[in-house]
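Contents: one structure, followed by commentary.
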There are 2 protein chains.
Amino acid sequence: MRLSTKAQYAVRAMVSLHLHGTGAPVSLRDIAVREEISLQYLEQLFSKLRRGGIVDSVRGTGGGYVLARTATDIRVDEIIDSVEETLVPVSCMDDSGRCSCSEQCVTHNVWQGLAEGIRGYLASYTLDDLTRQAQTKWSGPSA
Amino acid sequence: MRLSTKAQYAVRAMVSLHLHGTGAPVSLRDIAVREEISLQYLEQLFSKLRRGGIVDSVRGTGGGYVLARTATDIRVDEIIDSVEETLVPVSCMDDSGRCSCSEQCVTHNVWQGLAEGIRGYLASYTLDDLTRQAQTKWSGPSA
DNA sequence: AAATTAATTGACAGTTTTACTCAGGTATGA
DNA sequence: TCATACCTGAGTAAAACTGTCAATTAATTT
Ligand code: FES
Ligand code: FES
């Protein structure tokens with residue numbers, strides 16, 4: 001049960017965007033260099049992040065991307081949703097935990113509980129949580 | 001982030017084995033018919049479940065498989081481990097949560113926490129929990 | 001002993017998903 | 001008008017997944 005690299009890259013890229021952003025737009029080229037992700041792959045990712053309402057784009061010279069909301073208001077599960085990776089561990093179940101089996105199958109409860117656990121955990125993490133950890137980490141063992 | 005059908009089938013097959021077992025070995029043919037899983041695919045799965053110490057095999061006429069331990073002592077995470085599906089959501093991290101990044105990467109904590117959550121949840125479920133739910137379910141809404 | 005049942009093994013192929021790349025186009029600021 | 005940077009959709013190679021096939025070994029029943 002692996003998260004796709006797409007989802008992992010999306011989270012890393014968002015951290016990078018927030019961490020190195022001074023309010024001015026950050027270009028994908030910068031992120032690509034810093035995180036060693038191909039520029040063209042990033043374009044694909046950010047196109048979805050924009051449609052997901054996570055970031056806003058600024059075109060033209062000096063353009064790039066900025067957060068669409070404050071970092072304390074962007075949850076990790078939203079980022080993953082935006083790049084279209086499901087967080088439900090079984091294909092028979094939709095996002096709200098409903099399943100074709102009408103709860104009659106023996107394994108329904110495990111999978112539903114697992115789905116809720118994963119969703120809940122990732123929803124408790126904000127982009128700001130991630131970046132603050134990064135900063136305290138780089139400034140030494142102050143935490 | 002999907003669990004493979006291999007893992008899902010393994011869990012279902014184990015429930016079937018326990019639920020319809022009277023102590024005597026249950027043949028894969030029975031499980032195959034009941035759960036509508038191909039016999040040959042089941043063979044592949046149970047070969048791994050045996051190596052994982054979850055079931056014991058009995059060869060010859062009247063043979064089949066039996067639980068290697070009591071159902072209250074078989075955890076769902078063990079079943080999934082046996083069929084060789086990882087429960088760690090990122091490839092850079094091993095089962096004990098150690099990672100090549102030496103905890104310096106910004107996303108380490110999220111993934112490690114997620115891994116622990118998934119493992120912990122599935123370890124709290126035993127095979128017996130699953131089958132008891134199935135029985136109360138089939139006997140009506142008594143729960 | 002012979003026949004039958006059933007586990008056991010390893011190889012193999014079809015399909016799907018992933019993880020990208022490529023080739024263009026469009027909007028903006030200098 | 002030129003450089004920058006976002007934007008889009010198509011295409012592709014590799015990997016993973018899902019399952020099948022063939023052949024063997026071991027135990028039991030007749
Ligand atoms: S068939 Fe999906 S949980 Fe029951
Ligand atoms: S590189 Fe794996 S969590 Fe840091």
Side-chain angles (χ1 to χ4, degrees), chain A residues 1-13 17 21 24-52 54-68 80 82-86 88-92, chain B residues 1-13 17 21 24-52 54-68 80 82-86 88-92:
Chain A
M1 196 168 54
R2 285 259 148 88
L3 225 36
S4 65
T5 64
K6 189 168 64 172
Q8 295 178 50
Y9 281 163
V11 174
R12 266 177 55 203
L17 172 59
V26 178
S27 73
L28 290 189
R29 182 178 305 274
D30 288 351
I31 299 178
V33 169
R34 200 157 18 229
E35 300 292 326
E36 291 177 311
I37 304 173
S38 124
L39 174 62
Q40 291 158 342
Y41 199 28
L42 276 180
E43 286 176 341
Q44 205 177 102
L45 260 37
F46 273 80
S47 168
K48 292 181 177 174
L49 290 170
R50 189 176 63 82
R51 268 174 264 163
I54 307 284
V55 295
D56 285 332
S57 65
V58 181
R59 300 176 80 143
T61 312
Y65 286 93
V66 287
L67 299 185
I80 297 177
S82 293
V83 294
E84 286 156 18
E85 163 132 359
T86 179
V88 180
V90 290
S91 58
C92 54
Chain B
M1 195 166 57
R2 285 259 149 90
L3 226 34
S4 65
T5 63
K6 189 169 63 173
Q8 295 178 51
Y9 281 164
V11 174
R12 267 176 54 204
L17 172 58
V26 177
S27 74
L28 291 190
R29 183 179 304 274
D30 289 351
I31 299 179
V33 170
R34 201 158 16 229
E35 300 292 326
E36 292 178 309
I37 305 174
S38 122
L39 173 62
Q40 290 154 346
Y41 200 27
L42 277 179
E43 287 175 343
Q44 206 180 102
L45 296 181
F46 273 80
S47 169
K48 291 180 177 174
L49 290 170
R50 190 178 63 83
R51 267 174 266 162
I54 308 286
V55 296
D56 284 333
S57 65
V58 180
R59 299 177 82 144
T61 310
Y65 287 92
V66 287
L67 299 186
I80 298 177
S82 292
V83 294
E84 287 157 17
E85 163 131 1
T86 179
V88 180
V90 290
S91 59
C92 54

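Chain A is the first sequence line, chain B the second, and so forth, proteins listed ahead of strands; every chain is numbered from 1.
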Is a donor-acceptor contact shorter than 3.5 angstrom present between the side chain of A/Glu43 and the base of D/dC7?
->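 Checked by distance alone, the answer is yes.
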So, does the side chain of B/Gln44 form a donor-acceptor pair with the base of D/dT20 at under 3.5 Å?
->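 In this structure, the two groups form a donor-acceptor pair.
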Could you state the [atom1]-[atom2] distance from [X] to [N], rounded to the nearest angstrom?
X	N	atom1	atom2	result
B/Arg59	C/dA7	CZ	P	9 Å
B/Leu42	D/dT18	CG	P	14 Å
B/Lys6	D/dT20	NZ	P	15 Å
B/Leu49	C/dA7	CG	P	13 Å
A/Glu85	C/dT17	CD	P	13 Å
A/Tyr41	C/dT18	OH	P	9 Å
A/Leu39	C/dC22	CG	P	12 Å
A/Tyr65	D/dA5	OH	C1'	9 Å

Could you give me the CA-CA distance, side-chain angles and deciding distance for A/Ile80 and B/Met1, then say whether side-chain contact (heavy atoms from CB on, under 4.5 Å) is met?
-> CA-CA 10 Å; A/Ile80 297 177; B/Met1 195 166 57; over 6 Å; no
Would you say [N] has OP1 or OP2 under 4.0 Å from some side-chain N or O of [X]?
X	N	value
B/Ser57	C/dT8	yes
A/Ser4	C/dT18	no
B/Arg50	C/dT9	yes
A/Thr61	C/dT28	no

Would you say the side-chain atoms of B/Glu35 pair up with the backbone N or O of B/Tyr9, donor to acceptor, closer than 3.5 Å?
->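 Such a contact is absent between B/Glu35 side chain and B/Tyr9 backbone.
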Ignoring hydrogens and geometry, is there a side-chain-to-backbone donor-acceptor pair from A/Arg2 to B/Val88 under 3.5 Å?
->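 Present.
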Show the numbers, then the answer: is there a side-chain contact (heavy atoms from CB on, under 4.5 Å) between A/Tyr65 and A/Leu42?
-> CA-CA 12 Å; A/Tyr65 286 93; A/Leu42 276 180; over 6 Å; no
For the side chain of A/Gln40, counting heavy atoms from C-beta on, which of C/dT9, D/dT8, C/dT21 is nearest?
->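 Looking only at heavy atoms from C-beta outward on A/Gln40, the closest nucleotide is C/dT21.
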Which nucleotide in the set C/dC20, D/dT8, C/dA6 lies at the smallest distance from any side-chain heavy atom of A/Ser47?
->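 Selected nucleotide (nearest to the side chain): D/dT8.
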Ion pair B/Glu85/B/Lys6, N-O distance below 4.0 Å =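 No.
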Quick one: label A/Phe46 by what it contacts on the DNA or RNA (base, sugar-phosphate, nothing), any heavy atom closer than 4.0 Å.
->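 The answer is nothing, as A/Phe46 stays clear of every strand by at least 4.0 Å.
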Toward the 5' end of DNA chain C, which comes first, A/Ser38 or B/Leu28, by nearest nucleotide?
->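 Nearest nucleotide further toward 5': that of B/Leu28.
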